[in-house]
Each structure stands twice: as C-alpha cells, then as structure tokens.
Amino acid sequence: MNFVEELRWRGMIHDIMPGTEEQLQKEMTTAYVGIDPTADSLHIGHLVSIMMLKHLQLAGHKPLALVGGATGMIGDPSGKSEERNLLSEEVLRHNVEAIKQQLLKFLDFETGENRAEIVNNYDWMKEFSFLGFLREVGKHLTVNYMMAKDSVKKRLETGLSFTEFTYQLVQGYDYLHLFSSKNCKLQMGGSDQWGNITTGTELIRRKTGGEAFALVCPLITKADGSKFGKTEKGNVWLDARYTSPYHFYQFWLNCSDEDTERYIKIFSLFSRQEIEAMTEEHRQAPHLRLLQKALAKDITIRVHGQEEYETALEASEILFGKGTTETLKKLPEQVLLSVFDGVPMFDVEKSELDAGIGVIDFLAEKTAITQSKGEARRMLKEGSISINKEKVNDEFVVSTAQLINNRHILVQRGKKNYYLVQAR
RNA sequence: GGGGGGAUUCCAGAGCGGUCAAAUGGGGCAGACUGUAAAUCUGUUGGCUAAGCCUUCGGAGGUUCGAAUCCUCCUCCCCCCA
C-alpha cells in the first residue's frame, strides 16, 4: 500500500493536489509540515500532522518538520478570529527547542537516506530584509490572489493587520526555500492550511517553473460537536509537566465509540486488518472498550513510554476498577503518589487529625475540596463524598485512622474528582 | 443633537412596593442507570454558628414601617429619528 492509499483508508485526506500521488510513486519525495511554536510542548492536535510525517517516512519518503520560529512571530490568520499576540524571540527559541525533543519520539532522525530532519524557518527568514522580501517574494503574487484566500476573506469584516495578511507569503516562501534547497515537493497540514500551502505551490510555479504539491487532512472532530483535544482542564499536551501520563491515558480511554473508530486509524499505526478486527470485536462487546484501550495504550506508550503507561493503567484500575480501601492501604507510597500525580493536594496538621476533624470542616475549611460548608453539607447529603473509597455521611469524623501509609487520605468528590490530603 | 428602551443571582431571562435568595430555561455539580460512555430520570445550584440570620438584583443617594421593584443623579449598553 502506498502512502496516499494508506492515508486514504485511514481517513486522513481532506484534499490533495492532482499529481501528488504520481510524484510520490515516481521517487523518494521530501515533504514537510509546519508546526507553530506557540508553546513549549506539542498538544494532541499536532499529532495528526506528525502521524502524516510518520506514514510518509514509513512509505520510504523523507519527512521534514518545519518549526516556525519565524512564522510563529507573525501569527497565522487561518481559523483565527482575532489578531494574534506576538511572542518574543527568546520564548520562541525555547519553544522550538522543546518541540524538537518531542518530535524525536515519533520520527527516525538517524537512519537512512530518508531520515527525518527538523528545520526552523527563522534560520532563513531572520536575515531577510524587508526590501529583499518585497522584491523576491511579494512581486510574484498579486494582492488580488492573496485576498481571495478564505483565511483572509473571513477576516476582512473584523479586520486583520498587514502582518497577518502577509503571513501566507512568509509561509509560501518557506515552501519555496525548502523546494530549492532540499528538493521538497510536498507540503502537508490540516485542512485550514490549504490556502497557505497553495500560495506556496503558486509561488514555486511562478518563480521557478517547478511543480510542488499539497495534501491536507480533515479537521479532527468529535461526534458530539465539541472541540477535539480539549478537556475541562484545557489542551491535552504531550509534555508530562502539563498533562500527566495518567490524564493523557484517560483522555483516549474516554473517547466515544464513534470517535475512537476514526481516531485509532489516525493516531495509531495498527494495520488495516488489525483495526478492522478490533473494530468488529469492539462492536460485539462495546462495554469492554477494547478500541479505546488499544488506542490509549498505543499512544501513551509512544508518547510517555512503557513504564508510564503501566502506571497510568494501574492508576486507572485503582481509581475505577476493583480498588477498595484495602488495596488502597496496601499501596506503597511511591505508587500512590505517582497514581495521584496532578490531583489537587492539601495539607492538614497531624495534631488536628489526632484530635479528629468533623468532615464538614475537613472539606470546607481544612481543605478546599468544597467551596463552602453549605456545599459540603449538600454533597454529603447527596452521598457524593468518599474517603478512601468509602462513602461517608455528615457525621463522619476524619482522624489518623484514615491515614494511608500513615500520611495520606484520599478524598473523592463525586466519581471523578480526587483529592489527596497529606498529614504534616 | 432629539426621542425611546435596557442593566437581575454562572448565562439567558421573569419579577415591577411586602408572600423574593428572587419564576423558567440553559449550563454546572451530584445521585440512579451504565461501559470511567451516550441517552434518560432525580436532586441541587449565595453565605453562615441554618425551622433563624447575613450579603446580593449596574453605582451613589433618597422616599417608605418595608425597595430588585418608586424618585434623583451618575456610568455603561441597545434601538429609532436628525
């Protein structure tokens, strides 16, 4: 199966320029995707582009990841309703470096002629003078052409700065530069990038007479219409500092059946046969959530490693599975802490626990698990508070008897909100 | 510049002198069901020393035994005419 066929059955092609498939069949082709370094970690929204590069590399072509040190300084108007804030040069440098580290996990940068490379457009844009840019790039495309792009049209009502208007030229020039310097003939990205990419192919055609191609994937959606890749806590990041491996694993595990059937094709490398077999099996017994588990496992291991995956799995079993007070109390402190990495923590004086604390004060005053005593009373009445996995009522008194490892108390508000209280 | 309408608890939006911590809907949070899902149903949604009390209805004053409700001024928003 060739690269385009591979992406096609995986549902990863939204639009493809005629001739692209032929080009890929003709020779080893270099292709790139651009990544905006707006933060010092990638989030799972970036993963689609990265998987495109991965498949590209597996098909024997050469992937380039373009980290937009320069374009990141400008801001892409595509899909944005408001003018972007500019990032400082220093922040961008830091972000670019961090993103490079994450890309190493996905692509092979070592072996063979088609090893992946990272390029930073700041390297070739930084010395470009304004006049030089106008003469070399601006001259070749008309404002009429640029204004016809959807990304620009949509912003004409609300306004966009000259800087953002120029964005497509800068990105277009990137493509031209890579075309000339690295024989890069394909740019990929999300469907919102189509306009920017075609500005590039047009620029290449007019300036060099050469032919370059474009391939974009559809916007990843969720069946319920909400935005993909977001939780209540915000973006799902690849960096464990922002999204713990446990939460990362949970994100994939909690995807709906319908979404997961699409996602597993996009985010995992399972073969078509494997996925079809798993999907079939999943439909037979949806409650087992085989697909979600397979996807969550595959992607958590790839991003965080085997060990972190196992801890996340263990944590999930303790929290949602057979976990009881007994298993909880047997848990070594190290495991407990890693399982609850990222859950809110509160400190309580050990001397106070010796004396015993009424559960209402414990929830509302000693900790901030509930926002007020009124809320604490309501929650207790509704049966939504558990201490060490056991439901408690409003007469419960918290004392040292509840301490796990003589140090921690696990509190649940509802089913999914965990808090760890530490005795000092 | 002239005329009119409005600002209410997370949001939308009732209330127009006491019965208002304020209808209803949405959202949120919980409970049941379940697959850590969806759908559905139920409860709850200012605070407290809690059958009571305190702070809330754009801001500042005032009328009244009593104001989210009436009056005055201020701020902001919307609409119409010029």
Side-chain angles (χ1 to χ4, degrees), chain A residues 44 220-234 236 243-264 267 278-300 309-325 327-328 339-344 357-397 410-420:
Chain A
I44 58 175
I220 306 297
T221 55
K222 275 171 55 174
D224 67 5
S226 57
K227 206 172 173 201
F228 169 77
K230 295 261 188 189
T231 65
E232 324 75 64
K233 293 183 188 74
V236 177
T243 301
S244 72
Y246 165 72
H247 287 294
F248 186 83
Y249 177 79
Q250 283 286 320
F251 171 82
W252 297 103
L253 194 67
N254 278 317
C255 291
S256 74
D257 296 352
E258 193 183 331
D259 288 338
T260 309
E261 287 187 19
R262 285 182 296 127
Y263 295 169
I264 197 161
F267 297 107
M278 281 192 282
T279 303
E280 186 50 38
E281 204 176 326
H282 179 257
R283 285 183 181 163
Q284 299 300 320
H287 60 283
L288 295 179
R289 285 189 294 162
L290 191 105
L291 271 188
Q292 282 92 337
K293 284 177 185 167
L295 175 59
K297 176 181 178 179
D298 186 73
I299 198 160
T300 305
Y309 158 71
E310 279 167 20
T311 309
L313 185 66
E314 200 176 341
S316 302
E317 271 170 13
I318 289 164
L319 298 183
F320 297 104
K322 52 198 184 297
T324 62
T325 309
T327 55
L328 205 57
V339 164
F340 292 103
D341 182 40
V343 315
I357 304 170
V359 67
I360 291 172
D361 285 338
F362 178 79
L363 294 173
E365 289 196 340
K366 303 302 176 195
T367 66
I369 292 169
T370 58
Q371 294 203 333
S372 67
K373 291 189 185 181
E375 188 180 60
R377 285 194 189 89
R378 183 161 48 80
M379 292 272 169
L380 287 161
K381 198 176 80 196
E382 287 168 341
S384 43
I385 302 290
S386 296
I387 289 181
N388 295 340
K389 310 262 334 168
E390 275 175 14
K391 287 196 173 170
V392 296
N393 63 25
D394 59 355
E395 284 166 18
F396 191 81
V397 175
L410 179 68
V411 183
Q412 264 169 284
R413 204 194 81 226
K415 280 178 185 144
K416 290 187 183 173
N417 303 293
Y418 287 86
Y419 304 87
L420 206 53

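Since we're looking at a predicted model, the values are computed, not measured. Basis for what follows: all heavy atoms, side chains included, without hydrogens, waters or symmetry-related copies. Letters A, B, ... mirror the listed sequences (proteins, then strands); counts begin at 1.
No contact: A/Glu258 has no heavy atom under 4.0 Å from any strand. Contacts of A/Leu253 with the nucleic acid, taken as non-hydrogen atoms under 4.0 Å apart, include base atoms. Among the atoms of the strands shown, base atoms are found under 4.0 Å from some heavy atom of A/Gly374.
Base pairing analysis places B/rU34 opposite nothing; no Watson-Crick or G-U wobble pair with both distances below 3.5 Å involves it. For B/rA50, there is no paired nucleotide, since no Watson-Crick or G-U wobble pair has both relevant distances below 3.5 Å. Taking a pair to require two hydrogen-bonding distances under 3.5 Å in either a Watson-Crick or a G-U wobble arrangement, B/rC76 pairs with B/rG6. Base pairing analysis places B/rU44 opposite B/rG28; the two distances defining the Watson-Crick or G-U wobble pair are each below 3.5 Å.
Side-chain nitrogen and oxygen atoms of A/Lys381 include none within less than 4.0 Å of the OP1 or OP2 phosphate oxygen of B/rG31. Checking the phosphate oxygens (OP1, OP2) of B/rA30, a side-chain nitrogen or oxygen of A/Asn417 falls inside 4.0 Å. Residue A/Ser372 places at least one side-chain N or O closer than 4.0 Å to OP1 or OP2 of B/rG47. Here A/Lys415 does not reach the OP1 or OP2 of B/rG35: none of its side-chain N or O atoms lies under 4.0 Å away. Phosphate proximity of B/rG28 to A/Arg413: absent, as no side-chain N or O sits under 4.0 Å from OP1 or OP2.
Between the CG atom of A/Asp361 and the C1' atom of B/rU49 there is a distance of 11 Å, rounded to whole Å. One atom, CD of A/Gln371, and another, P of B/rG47, lie 8 Å apart when rounded to the nearest Å. Note: CG (A/Asp257) to P (B/rU36) measures 12 Å, nearest angstrom. Summarising the geometry, the separation between CD on A/Glu382 and C1' on B/rA30 is reported as 4 Å, rounded to the nearest angstrom. Atoms CG (A/Leu363) and P (B/rC29) sit 18 Å apart, rounded to a whole Å. Here the C1' atom of nucleotide B/rG35 and the CG atom of A/Leu290 are 13 Å apart, to the nearest Å.
For the residue pair A/Gln412 / A/Asn388, no side-chain donor-acceptor distance below 3.5 Å is found, with atom types taken as modelled.
Distance check on atom P: B/rC70 versus B/rC80 gives 26 Å, rounded to whole Å.
Put simply, the side chain of A/Glu375 and the base of B/rU45 share no donor and acceptor less than 3.5 Å apart.
Listed nucleotides: B/rU36, B/rA32, B/rU44. Nearest to the side chain of A/Arg378: B/rU44.
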